[in-house]
S.K.: 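My questions all concern the structure below.
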Number of protein chains: 2
Amino acid sequence: MTMSKCDQCIIKQFNSLRALEKDDLIRISGCKTSKYIKKGEVLFKEGDNINGVYCVKSGVCKMSKLSANGKDQIVKLVVRGDLIGQRSLVTDEVSNLTAIAVNEMEVCFIPKNEVLHDLAKNASFSLDMLQDMGRELRVADNIIVDMAQKSVKRRLADVLTYLHETFDKDEDGYVSVVLSREDYASLVGTATESAIRILSQFKKEGLIATTGKHVKIVDFDGLRRVE
Amino acid sequence: MTMSKCDQCIIKQFNSLRALEKDDLIRISGCKTSKYIKKGEVLFKEGDNINGVYCVKSGVCKMSKLSANGKDQIVKLVVRGDLIGQRSLVTDEVSNLTAIAVNEMEVCFIPKNEVLHDLAKNASFSLDMLQDMGRELRVADNIIVDMAQKSVKRRLADVLTYLHETFDKDEDGYVSVVLSREDYASLVGTATESAIRILSQFKKEGLIATTGKHVKIVDFDGLRRVE
DNA sequence: TGGAAAACATGACAATTATCATAGGGATTA
DNA sequence: TAATCCCTATGATAATTGTCATGTTTTCCA
């Protein structure tokens, strides 16, 4: 099996690695490791020292954190093209989040030392990373406000819309990425039973259609009006 | 009145500006503006193009965001030594937050163009800023989990503890920074009446003492055990 | 392929939190 | 100093959400 080369990889267009020079990408190719992760497998756990970044070539990953009451809260979903673990590049802290594959993933791991060198040398690379973290920070602010002010029902409607906008749909309009009811609950921060109940209600009201775990939005306007 | 010089300013120890060279600090001194802001005054609003960073020399500032239901949610408090508006340095986006002084503040404003130049030139400056944003991101993740999983009572107990740990206390142990009941509500994401009720309850249970807006923690362990 | 385990579903009830109404107290201003 | 306004406070009630219990369906794997 041949290892793909970073400088020819399309994925890098989607993240800060695009700011690197060809020579640096070739050097990084030489020390990166490539990995397949099965659905449900743990990439790393809260408290792990990851010492590098993962670049997601395909698949989806949930980033979660264990709360004091023992429930997992999904903080964000990481998709194709995203980098995981940028924070570990600039601090020696361990990860604050656990990463678990939602479906089969292919990721590349680049050791910290290799990239640290580029951050110091290449200003446009570090600027790109600053912009990226700034964007993440803005998204996080929005989530805080939503968690604090919106109802569970409204948050679940938002998640459904987000999934619809973010992922591919099959020929019938069903979102390609499937989550368990527990994942939905963990995304909006509610009890699993509540998530199940609200999804059932949405279905009964004709806002969504479901077959098993597969979900499709039927009435966009209706979903937008949910309070 | 003489304008103070950045290179001699103690405040810069607390933020990324510490990574700058003396020459650069002197140059920045020449183009910065200094400003006093009275309690309740707006430094900038959500949607404003701030085009620079504020460095907080003294005072406290609440950073809030208007939610869909018309309530303000305080996302964080900014204190002495913090920089406000780092995101505006690396993106052209407008601010996502409103900044309002909680008490009298003294801030310095440094125009974007002046600092942008340093970000490109000085790797340890941009690395410091990356570290800082990484920290902020971690804090934001924690807040998301707390908002999603903890009760209002528990969140209010956390806020009281945070205020006690973050700000000075007078000789009787009362926290120097005073917030309105509405501010407390806006910090934990609840109705003002609920915040008032819980503070009254904490007082009745002997966890805190209050005189007017001034608050003091009496029973730390008790407050820690609140659920 | 059968059986266990996990995920989904729903009812009943309890706990939490929001909303509305009302009123007192303290600061500010005419 | 009185009038006014804003903040604080508290009761009553409604709405939301969580918890526990129980049954069904689906998935997984030995």
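Per chain, numbering begins at 1; letters A, B, ... match sequence-line order. Remember, it's a predicted structure, so these values are computed and weren't measured experimentally.
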S.K.: Distance check needed: C:dA18 P versus B:Lys71 NZ, whole Å only.
M.R.: 6 Å

S.K.: What's the CG-P distance between B:Leu156 and C:dT17, to the nearest Å?
M.R.: 11 Å

S.K.: Working note: A:Arg138 + A:Asp141, criterion salt bridge (charged side-chain N to carboxylate O under 4.0 Å, His left out); need CA distance, chi angles, decisive distance, verdict.
M.R.: CA-CA 5 Å; A:Arg138 180 168 50 79; A:Asp141 285 345; over 6 Å; no

S.K.: Can you tell me the distance, in whole Å, between the NZ atom of B:Lys150 and the P atom of C:dT17?
M.R.: 13 Å

S.K.: Between C:dA6 atom P and A:Lys39 atom NZ, what is the distance in whole Å?
M.R.: 15 Å

S.K.: Only one of B:Val78, B:Asp183, B:Thr98 passes side chain to side chain contact (heavy atoms under 4.5 Å, CB included) with B:Lys62; say which it is.
M.R.: B:Asp183

S.K.: Mark yes when over 12 heavy atoms from residues, nucleotides or ligands other than B:Asp221 sit less than 6.0 Å from its CG; otherwise mark no.
M.R.: yes

S.K.: Distances for protein N/O vs nucleotides 7-10 of chain C N/O pairs under 3.5 angstrom?
M.R.:
from   : atom 1 : to       : atom 2 : distance (Å)
C:dA7  : O3'    : A:Lys213 : NZ     : 2.9
C:dC8  : OP1    : A:Lys213 : NZ     : 2.7
C:dC8  : OP2    : A:Arg181 : N      : 3.1
C:dA9  : OP2    : A:Arg181 : NE     : 2.9
C:dA9  : OP2    : A:Arg181 : NH2    : 3.2
C:dT10 : OP2    : A:Ser200 : OG     : 3.1

S.K.: How about A:Glu46: does its CD atom have over 12 heavy atoms from other parts shown lying under 6.0 Å from it?
M.R.: yes

S.K.: Using modelled atom types only, decide if a donor and an acceptor are shared between the side chain of A:Ser88 and the backbone of A:Gly52 within a distance under 3.5 Å.
M.R.: yes

S.K.: With B:Tyr54, which residues qualify under ring pair (Phe, Tyr, Trp, His ring centres under 6.0 Å), at least two apart?
M.R.: B:Phe44, B:Phe109

S.K.: Distance under 4.0 Å to a non-hydrogen atom of chain B counts as contact; along DNA chain D, which nucleotides mark the start and end?
M.R.: D:dC7 to D:dA12

S.K.: Considering residues, nucleotides and ligands other than A:Lys153, do more than 12 of their heavy atoms fall under 6.0 Å from its NZ?
M.R.: no

S.K.: In the structure I gave you, are the side-chain heavy atoms of A:Glu106 and A:Ser34 within less than 4.5 Å of one another anywhere?
M.R.: yes

